[in-house]
Amino acid sequence: MDWDNLVKPAWQARESAYAPYFKFPVGAALLALDGRILSGCNVENISYGLAERVAIGAAVAAGVRKFLAVAVVADTVVPTSPCRGCRQVLTEFGVPLVILANRNERVEFLLKELLLRASAGIPDRQE
């Protein structure tokens with residue numbers, strides 16, 4: 001599948017990042033089961049900004065709860081991966097596919113490859 005339609009809005013969201021501390025803007029875009037794309041960017045406080053959680057928050061506020069994939073983009077030497085906290089939030093909302101991209105490269109992972117046993121303890125979830 002060509003994921004350009006998901007990666008492009010992630011880059012656009014990255015442009016709105018608020019990153020005064022670490023100077024590390026990140027964008028994320030979610031592909032919902034119904035075909036909508038919802039995006040977010042990191043909004044730093046004294047910790048990293050959590051772009052994926054912002055995208056999930058935007059989706060939840062829009063009434064979306066089911067997703068096919070998330071794209072996470074940053075200007076890094078190798079594509080950056082979601083932090084542990086964002087991986088957990090993506091797991092809680094059942095996002096199966098994670099696309100990581102920088103300006104030159106794109107890689108795909110199943111979320112369960114990035115966060116083993118993440119569903120353990122979540123009611124009604126099989127590991």
Side-chain angles (χ1 to χ4, degrees):
M1 178 175 267
D2 180 8
W3 291 106
D4 286 342
N5 290 334
L6 188 61
V7 172
K8 185 177 179 181
W11 281 113
Q12 290 169 335
R14 181 187 170 277
E15 295 300 317
S16 297
Y18 175 76
Y21 301 107
F22 296 100
K23 309 287 191 260
F24 189 69
V26 178
L30 289 156
L31 174 59
L33 196 60
D34 66 6
R36 285 189 281 175
I37 294 176
L38 302 111
S39 58
C41 60
N42 58 325
V43 180
E44 288 183 351
N45 53 39
I46 203 66
S47 70
Y48 280 108
L50 318 170
E52 300 88 334
R53 288 189 237 184
V54 173
I56 289 283
V60 168
V64 178
R65 301 287 192 281
K66 296 187 184 295
F67 307 97
L68 297 174
V70 63
V72 180
V73 301
D75 275 323
T76 51
V77 175
V78 296
T80 193
S81 185
C83 72
R84 170 66 168 84
C86 287
R87 292 176 192 195
Q88 187 64 49
V89 170
L90 293 169
T91 296
E92 299 232 359
F93 283 90
V95 180
L97 181 64
V98 179
I99 299 143
L100 309 176
N102 62 16
R103 300 280 181 189
N104 303 311
E105 181 182 6
R106 185 182 307 161
V107 292
E108 298 177 17
F109 293 93
L110 295 177
L111 185 59
K112 66 184 179 183
E113 294 176 290
L114 298 178
L115 185 59
L116 300 175
R117 294 192 38 79
S119 294
I122 299 175
D124 302 320
R125 294 278 177 90
Q126 298 293 320
E127 189 59 36

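These values consider heavy atoms only, across backbone and side chains, with no hydrogens, waters or symmetry-generated copies.
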A.B. asks: Say whether Val107 and Val70 are linked into one hydrophobic cluster, either directly or through other cluster members, by side-chain heavy-atom distances under 4.5 angstrom.
C.D. replies: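 Same cluster.
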A.B. asks: If you take all heavy atoms of Ala28 and Ala13, which pair is closest and at what distance?
C.D. replies: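 That closest heavy-atom pairing would be O-CB, 4.3 Å.
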A.B. asks: Apply side-chain contact (heavy atoms from CB on, under 4.5 Å) to residues Phe24 and Thr80 and explain how you reach the verdict.
C.D. replies: CA-CA 11 Å; Phe24 189 69; Thr80 193; 4.1 Å; yes
A.B. asks: Quick check: closest heavy atoms across Ala10 and Ala71, and the distance to 0.1 Å?
C.D. replies: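 So the two residues come closest at CB-O, 3.9 Å.
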A.B. asks: Could you go step by step and tell me if Leu68 and Leu97 meet the side-chain contact (heavy atoms from CB on, under 4.5 Å) rule?
C.D. replies: CA-CA 7 Å; Leu68 297 174; Leu97 181 64; over 6 Å; no
A.B. asks: Could you see if Val60 belongs to whatever hydrophobic cluster contains Val72? Use Ile, Leu, Val, Met, Phe, Trp, Tyr and a side-chain cutoff under 4.5 Å.
C.D. replies: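 Same hydrophobic cluster.
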A.B. asks: Rounded to the nearest 0.5 Å, how far does SG of Cys86 lie from CZ of Arg53?
C.D. replies: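 It is 4.5 Å, given to the nearest 0.5 Å.
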A.B. asks: Looking only at heavy atoms, which two atoms of Trp11 and Ala101 are closest? And how far apart?
C.D. replies: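 So the two residues come closest at CZ2-O, 4.2 Å.
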A.B. asks: CD1 of Ile37 to CG of Asn5: how many Å apart, nearest 0.5 Å?
C.D. replies: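 Ile37 CD1 to Asn5 CG: 6.0 Å, rounded to 0.5 Å.
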A.B. asks: To check you understand the geometry: which heavy-atom pair defines the closest contact between Leu38 and Ala55, and what is its length?
C.D. replies: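 In terms of heavy atoms, the two residues are closest at O-CB, 4.3 Å.
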A.B. asks: Starting at CD of Glu52, measure out to OG of Ser81 and round the result to the nearest 0.5 Å.
C.D. replies: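 Going from the CD atom of Glu52 to the OG atom of Ser81 covers 8.0 Å.
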A.B. asks: Enter the distance from Ile56:CD1 to Glu92:CD here, rounded to the nearest 0.5 Å.
C.D. replies: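 Going from the CD1 atom of Ile56 to the CD atom of Glu92 covers 10.0 Å.
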A.B. asks: Indicate, with yes or no, if Leu33 and Ile99 share a hydrophobic cluster defined by side-chain heavy-atom contacts under 4.5 Å among Ile, Leu, Val, Met, Phe, Trp and Tyr.
C.D. replies: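 Linked within one cluster.
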A.B. asks: Keeping the roles fixed (side chain from Asn42, backbone from Leu50), state whether a donor-acceptor pair exists under 3.5 Å.
C.D. replies: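 Checked: no pair found.
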A.B. asks: Can any side-chain N or O of Asn102 pair as donor or acceptor with the backbone N or O of Asp75 at less than 3.5 Å?
C.D. replies: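 It does not hold such a pair.
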A.B. asks: Rounded to the nearest 0.5 Å, how far apart are OG1 of Thr76 and CD of Glu105?
C.D. replies: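 Here the interatomic distance stands at 9.0 Å.
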A.B. asks: Carefully, step by step, assess Arg106 and Asp4 under the rule salt bridge (charged side-chain N to carboxylate O under 4.0 Å, His left out).
C.D. replies: CA-CA 10 Å; Arg106 185 182 307 161; Asp4 286 342; 2.5 Å; yes
A.B. asks: If we ignore hydrogens and angles and just use 3.5 Å, is the side chain of Arg87 paired with the main-chain N or O of Leu114 as donor and acceptor?
C.D. replies: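 Checked: pair present.
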A.B. asks: Is the backbone N or O of Tyr21 less than 3.5 Å from a side-chain atom of Glu44, with the two atoms forming a donor-acceptor pair by type?
C.D. replies: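 Yes, because the side chain of Glu44 sits within donor-acceptor range (under 3.5 Å) of the backbone of Tyr21.
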A.B. asks: Assess the residue pair Phe109 and Leu100 against the criterion (side-chain contact (heavy atoms from CB on, under 4.5 Å)); give the C-alpha distance rounded to whole Å, side-chain angles, the decisive distance to 0.1 Å, and a yes or no.
C.D. replies: CA-CA 8 Å; Phe109 293 93; Leu100 309 176; 3.7 Å; yes
A.B. asks: Find out whether Arg103 and Pro79 are in side-chain contact, i.e. whether some heavy atom of one side chain is under 4.5 Å from a heavy atom of the other.
C.D. replies: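 Side chain of Arg103 against side chain of Pro79, heavy atoms only: no contact under 4.5 Å found.
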A.B. asks: Under 3.5 Å, is there a donor-acceptor pair between the side chain of Glu113 and the main chain of Leu110?
C.D. replies: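 Yes; at least one donor-acceptor contact below 3.5 Å.
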A.B. asks: Side chains of Trp3 and Leu31, heavy atoms from C-beta outward: is any pair under 4.5 Å?
C.D. replies: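 With C-beta onward as the side chain, the pair touches.
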A.B. asks: Shortest non-hydrogen contact from Ser39 to Pro9?
C.D. replies: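 Reported closest heavy-atom pair: CB-O, 4.0 Å.
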A.B. asks: Could you walk me through whether Val73 and Val26 satisfy the side-chain contact (heavy atoms from CB on, under 4.5 Å) test, starting with their C-alpha distance in whole Å, then the side-chain angles of each, then the deciding distance to 0.1 Å, before giving a yes or no?
C.D. replies: CA-CA 6 Å; Val73 301; Val26 178; 5.9 Å; no
